[in-house]
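Since the structure comes first, as structure tokens, the remarks are kept for the end.
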Amino acid sequence: MIKKNNIIFFSPSENVKKIFFNKKNIIFLKENYFDYFDLKTNKRKKISLNSINIEIKNTKLNINDIITEIRSWGPVWSRWNDQGDQFERYYRQSLLNILRYYNYLNKLNIKKVFFFTSSSHHIDSLELELSLRLAKIDQIYFHYDDWTRYLIPSIYKRSHKDKKMINSGLRHSFLNKILKKTKKDKLSQKLNIFENKKSNSYYFALYQLLRRFAVDIIKKIFISKKINYNQGSFSVLTLLKLINIQKEAITFYKKNTIDKKNFYEILKKKNCLVYVAHNEPEASMYPEGGEYNNVIDIILNIKKTFNGDIFYKEHPITTQYYADYIHFTRVGVARSKKYYSDLLDLGCKFIDYSVYLNDNRIIGNLLPVTVTGSIAVERAVKGYETIVCGYPWYKNIPGVIKLNKIKNLNKIIDEKIRMNKEIQKRSISFLDKIYTNSTTPNFPGIGDPIPDLTIKSKNNFKKTVENLIKNA
């Protein structure tokens, strides 16, 4: 027997699980297993998603619509799966999982589901997310904020486009930190927390690939199990292909790049539009980019209302082949020599990785385009506007120009590039309100490999979750 009016925690960290382990209304869901509290035995038990019956007769679900939605997850399918010839079969596996979730969620009378991530970017989390939308059940996510290193909780029912930030039940003051950022003449570029000295080495990536291959062989021999590359694991040969594609892409980009000095000279003569690329594949592009989750699509949409040069700045992390926290970066899924060649054909001009776009010497001579990047926030608190394509947590901050609202980009490049003190004032106020009322310590370690495990952090995060269960 399972208690009703339950809350689901999807893929919580072990530290979070320990806090709420004895709560009878909390169900932990990880790797397709529900970990629930059995009222008869007064102990926790597990039930597999595959063991749940599929009941479709009395529902109003449209199977064709669900399959169409599953197909729209293309960026996630290609990020985690290298068996494109099996995708149609995998789509139906996801369909059946969604129906199982839908049936079980209704039986348990689930009130809310907590995702310990900023957005669904794995197949299993997308399956659960879609079933929750169909069942009209609230979903709560946690976004990691670079400036404060705290989490910002948000809630939605339909899609990431409708995501809303919610009060955490705590109060913090980060205004001084925001103001300090705006006073610096030149913000130092942020080092990626996942970076290590070997991450940019092609040969270190090959070494890691050989280790992976050896481990697979040992498992096959001694565990006597067939190696399964189904839904979530790339084969060694695919990873080798991606590494070589990435290497060729990096070489081509560098060969066709305008150096930093020349770019600065161009900025002295005219205002420039700069597309600021994200590291891919990542959730910041899909699903958070919404309909703008592909660079080629974005550039084509820009060219519909803009006839000037489009400068393109690649994310520096795309030079990394292997990182300790995420292992193989799989950049070759999204970047290749042909990809860059296509951008050149569309009239893009590449600028060096090292160019810092928020440098006070050039910030007033360029207008960046980002999908969900933090550059928009960094510019807003300095009084500058940014074109934003996707649906980031800060989407309503003053200074955001939404790409889908632009009718004449040629006009905007001259009008919207000047420093505006009102935007600066209002954006700082916007962030202060969010950081004061909607932040909580990063006890789970979301977006950061080093969680804040202090007692104070633990207690405050617990307080936030309890507040969200009760009031969100």
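Note: hydrogens, waters and symmetry copies are ignored here, and every other heavy atom, side chains too, is used. Owing to the predicted nature of the structure, the values given are computational and were not obtained by experimental measurement. The chain is numbered in sequence order, starting from 1.
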(Q) Run the side-chain contact (heavy atoms from CB on, under 4.5 Å) test on Ser199 and Tyr322 for me, step by step, so that the C-alpha distance in whole Å, both residues' side-chain angles and the decisive distance to 0.1 Å come before the verdict. (A) CA-CA 5 Å; Ser199 60; Tyr322 186 93; 5.8 Å; no
How long is the straight-line distance from [atom2] of [Y] back to [atom1] of [X], given to the nearest 0.5 Å?
X	Y	atom1	atom2	answer
Thr370	Arg379	OG1	CZ	11.0 Å
Asp162	Ile155	CG	CD1	12.0 Å
Leu209	Leu237	CG	CG	8.5 Å
Ile56	Tyr102	CD1	OH	8.5 Å
Thr372	Asn293	OG1	CG	11.0 Å
Leu128	Asp124	CG	CG	8.5 Å

Test side chain to side chain donor-acceptor pair (under 3.5 Å) applied to [X] - qualifying residues, sequence neighbours left out:
X	result
His122	none
Ser131	none
Tyr391	Glu291
Ser72	none

Verify, without hydrogens or angle tests, whether [X] (side chain) and [Y] (backbone) share a donor-acceptor contact under 3.5 angstrom.
X	Y	value
Gln246	Gln320	yes
Lys313	Tyr353	yes
Ser457	Leu453	no
Asn103	Leu99	yes
Asp145	Ile152	no
Thr305	Lys407	no

Q) Applying salt bridge (Lys or Arg N to Asp or Glu O under 4.0 Å), which residue pairs with at least one partner in residues 240-251 are found, sequence neighbours left out? A) none
Q. Got a sec, which pairs hit salt bridge (Lys or Arg N to Asp or Glu O under 4.0 Å) with one end in residues 67-81, sequence neighbours left out?
A. Glu69-Arg133, Arg71-Glu88, Arg79-Glu282
Taking every non-hydrogen atom, the tightest pair across [X] and [Y]:
X	Y	answer
Thr439	Ser168	O-OG, 2.7 Å
Phe115	Ser125	CE2-O, 3.9 Å
Ser438	Ile166	OG-O, 3.2 Å
Leu134	Ile66	CD1-CD1, 3.9 Å
Asp432	Thr436	O-OG1, 2.6 Å
Asp82	Ser235	OD2-N, 3.0 Å

Q.
Checking Ser78 now: which residues fulfil side-chain contact (heavy atoms from CB on, under 4.5 Å) with it, not counting sequence neighbours?
A. Val333
Q. Where do Tyr202 and Ile250 land on the side-chain contact (heavy atoms from CB on, under 4.5 Å) test, with the steps shown first?
A. CA-CA 11 Å; Tyr202 170 75; Ile250 293 168; over 6 Å; no
Residues which pass salt bridge (charged side-chain N to carboxylate O under 4.0 Å, His left out) with [X], listed by chain and number, not counting sequence neighbours:
X	value
Glu288	none
Lys17	Asp35
Arg335	Glu280, Glu314
Arg100	none

Q.
As a test of understanding, state which of His278, His315, His121 forms a side-chain hydrogen bond (donor to acceptor under 3.5 Å, both in side chains) with Ser284.
A. His278
Are [X] and [Y] an aromatic pair by the rule of ring centers under 6.0 Å?
X	Y	answer
Tyr104	Tyr36	no
Phe20	Phe9	yes
Tyr156	Tyr141	yes

Contacts under 3.5 angstrom, residues 295-303 side chains, donor-acceptor by atom type, not counting sequence neighbours:
residue : atom : partner : partner atom : Å
Asn301  : ND2  : Asp297  : O            : 2.8
Lys303  : NZ   : Leu346  : O            : 3.0

Answer whether the closest heavy-atom distance between the side chains of [X] and [Y] falls below 4.5 Å.
X	Y	result
Ser118	Ile446	no
Arg149	Tyr144	yes
Leu29	Phe34	yes
Trp73	Leu130	yes
Arg330	Thr238	no
Phe328	Leu242	no
Asn50	Asn97	yes
Asn404	Tyr292	yes

Q) How far apart are the C-alpha atoms of Phe87 and Trp77, what are their side-chain angles, what is the distance that settles it, and do they pass the side-chain contact (heavy atoms from CB on, under 4.5 Å) test? A) CA-CA 8 Å; Phe87 276 3; Trp77 285 108; 3.9 Å; yes
Which of parallel (below 30°), tilted (30 to 60°) and perpendicular (above 60°) describes [X] and [Y]?
X	Y	result
Tyr150	His172	perpendicular
Phe28	Phe21	parallel
Phe116	Phe114	parallel

Q) Name the one of Val274, Val276, Leu403 that satisfies side-chain contact (heavy atoms from CB on, under 4.5 Å) with Ile387? A) Leu403
Q. More than 12 heavy atoms of other residues, nucleotides or ligands under 6.0 Å from NZ of Lys458: is that the case?
A. no
Q. Counting only heavy atoms not in Lys23, do more than 12 fall under 6.0 Å of its NZ?
A. no
Q: Go through the steps for Gln86 and Gln93 under the test side-chain contact (heavy atoms from CB on, under 4.5 Å), then give the verdict.
A: CA-CA 11 Å; Gln86 299 296 306; Gln93 289 180 7; over 6 Å; no
